[in-house]
Amino acid sequence: QVQLVESGGGLVQAGGSLRLSCAASGSAFSTCAMGWFRQAPGWEREFVAAISWSGHSTLYADSVKGRFTISRDNAKNTVYLQMNSLKPEDTAVYYCAADPWGGGSSVVVDYDYWGQGTQVTVPS
């Protein structure tokens, strides 16, 4: 079992930055691939970024490549999402998720554990 709690969301002007954190409890964290997803009102949940259990492999959605960076600290049971050059279209609830079996997937159903989400708002 892995419990996930996101933090760090908020309101930021276009072009600004935020860093999201996802704190995990449970001994399985260090062997889980982790992902960040987001969901805007009226839209399906979409992939943002993923990282392997070791941190050596990462994957990004095209829409955030070059602006967002995913990282993890297994000693702190935490995964991060650094978001730079934010745009209004980045506005969404951001969720972190854990996949005990994979290497870092972009597919929602591959993830077994989910946090409750944190709101990111970038006004237009």
Side-chain angles (χ1 to χ4, degrees):
Q1 289 284 338
V2 179
Q3 293 80 43
L4 304 171
V5 178
E6 302 96 336
S7 62
L11 187 149
V12 61
Q13 296 303 311
S17 298
L18 280 176
R19 188 175 83 154
L20 305 184
S21 298
C22 174
S25 59
S27 59
F29 172 81
S30 62
T31 60
C32 289
M34 298 297 295
W36 284 98
F37 292 77
R38 66 187 181 186
Q39 188 167 17
W43 293 82
E44 292 186 353
R45 192 166 297 190
E46 67 170 0
F47 170 73
V48 176
I51 189 166
S52 62
W53 68 270
S54 66
H56 291 160
S57 178
T58 58
L59 181 67
Y60 294 93
D62 287 344
S63 59
V64 307
K65 204 171 292 183
R67 299 188 299 123
F68 291 11
T69 302
I70 189 170
S71 61
R72 67 189 296 161
D73 185 337
N74 286 346
K76 296 182 178 180
N77 275 19
T78 303
V79 63
Y80 305 97
L81 185 68
Q82 177 67 43
M83 306 187 295
N84 299 329
S85 302
L86 282 159
K87 304 175 181 180
E89 51 264 43
D90 295 318
T91 295
V93 177
Y94 283 71
Y95 299 89
C96 72
D99 174 8
W101 309 111
S105 166
S106 63
V107 180
V108 170
V109 296
D110 286 346
Y111 290 82
D112 291 343
Y113 305 102
W114 292 83
Q116 293 192 334
T118 185
Q119 176 71 46
V120 171
T121 303
V122 187
S124 56

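For the numbers below, each heavy atom of this structure counts, side chains included, while hydrogens, waters and symmetry mates do not. Here the structure is a predicted model, which is why all the values come from computation and not from measurement.
- To the nearest 0.5 Å, the span separating OG on S30 from CG on D73 amounts to 11.5 Å.
- Remark: side-chain polar atoms of R72 are not paired, donor with acceptor, to backbone N or O of G55 under 3.5 angstrom.
- The backbone N or O of C96 sits nowhere less than 3.5 Å from a side-chain atom of Y111 that would complete a donor-acceptor pair.
- Closest approach of S63 and R67 over heavy atoms only: O-NH2, 2.9 Å.
- For the residue pair R45 and V108, the shortest heavy atom distance occurs at O-CG2, 4.1 Å.
- With hydrogens and angles disregarded, a donor-acceptor distance shorter than 3.5 Å links the side chain of N74 to the backbone of W53.
- At a threshold of 4.5 Å between non-hydrogen side-chain atoms, the residues D110 and W101 do not count as touching.
- Classified by interplanar angle (parallel below 30°, tilted 30° to 60°, perpendicular above 60°), the ring pair F68/Y94 is tilted.
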Please test D90 against K87 for salt bridge (charged side-chain N to carboxylate O under 4.0 Å, His left out), starting from the C-alpha separation and ending with a verdict. CA-CA 5 Å; D90 295 318; K87 304 175 181 180; over 6 Å; no
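- A donor-acceptor contact shorter than 3.5 Å is absent between the side chain of Q116 and the backbone of E6.
- By the rule that hydrophobic residues join a cluster once side-chain heavy atoms approach within less than 4.5 Å of another member, V12 and L20 end up as members of one cluster.
- Residue V2 is grouped with residue I51 when hydrophobic side chains (ILVMFWY) are merged at heavy-atom distances under 4.5 angstrom, including chains of intermediate members.
- Of all non-hydrogen atoms in P100 and D112, the two that sit nearest each other are CD-OD2, 3.5 Å.
- Proximity of L4 to Y95: side-chain heavy atoms (C-beta onward) are nowhere separated by under 4.5 Å.
- Proximity of D99 to C32: side-chain heavy atoms (C-beta onward) are nowhere separated by under 4.5 Å.
- V64 and F47 are not part of a single hydrophobic cluster, where members link through side-chain heavy atoms under 4.5 Å apart.
- With hydrogens and angles disregarded, no donor-acceptor distance shorter than 3.5 Å links the side chain of T78 to the backbone of A23.
- Annotation for S124 and P88: closest pair CA-CG, 3.7 Å, computed over non-hydrogen atoms.
- Put simply, the side chain of M83 reaches to within 4.5 Å of the side chain of V120, judged on heavy atoms.
- Annotation: the span from T121 atom OG1 to Q13 atom CD amounts to 11.0 Å, rounded to 0.5 Å.
- Inter-residue side-chain proximity for E46 and R38 is flagged as met; some heavy-atom pair is nearer than 4.5 Å.
- Hydrophobic clustering (side-chain heavy atoms under 4.5 Å, transitive across Ile, Leu, Val, Met, Phe, Trp, Tyr) keeps V48 apart from Y80.
- Listed here is the closest heavy atom pair of L81 and A49: CD1-CB, 4.2 Å.
- When every heavy atom of G102 is checked against every heavy atom of A33, the shortest pair comes out as O-CB, 3.4 Å.
- Using a 4.5 Å cut-off between side-chain heavy atoms of Ile, Leu, Val, Met, Phe, Trp and Tyr, with links allowed through other members, Y113 and M34 fall into the same hydrophobic cluster.
- For the pair Y60 (side chain) and I70 (backbone), a donor-acceptor distance under 3.5 Å is present.
- Taking the side chain as every heavy atom from C-beta outward, Q119 and T91 approach each other to under 4.5 Å.
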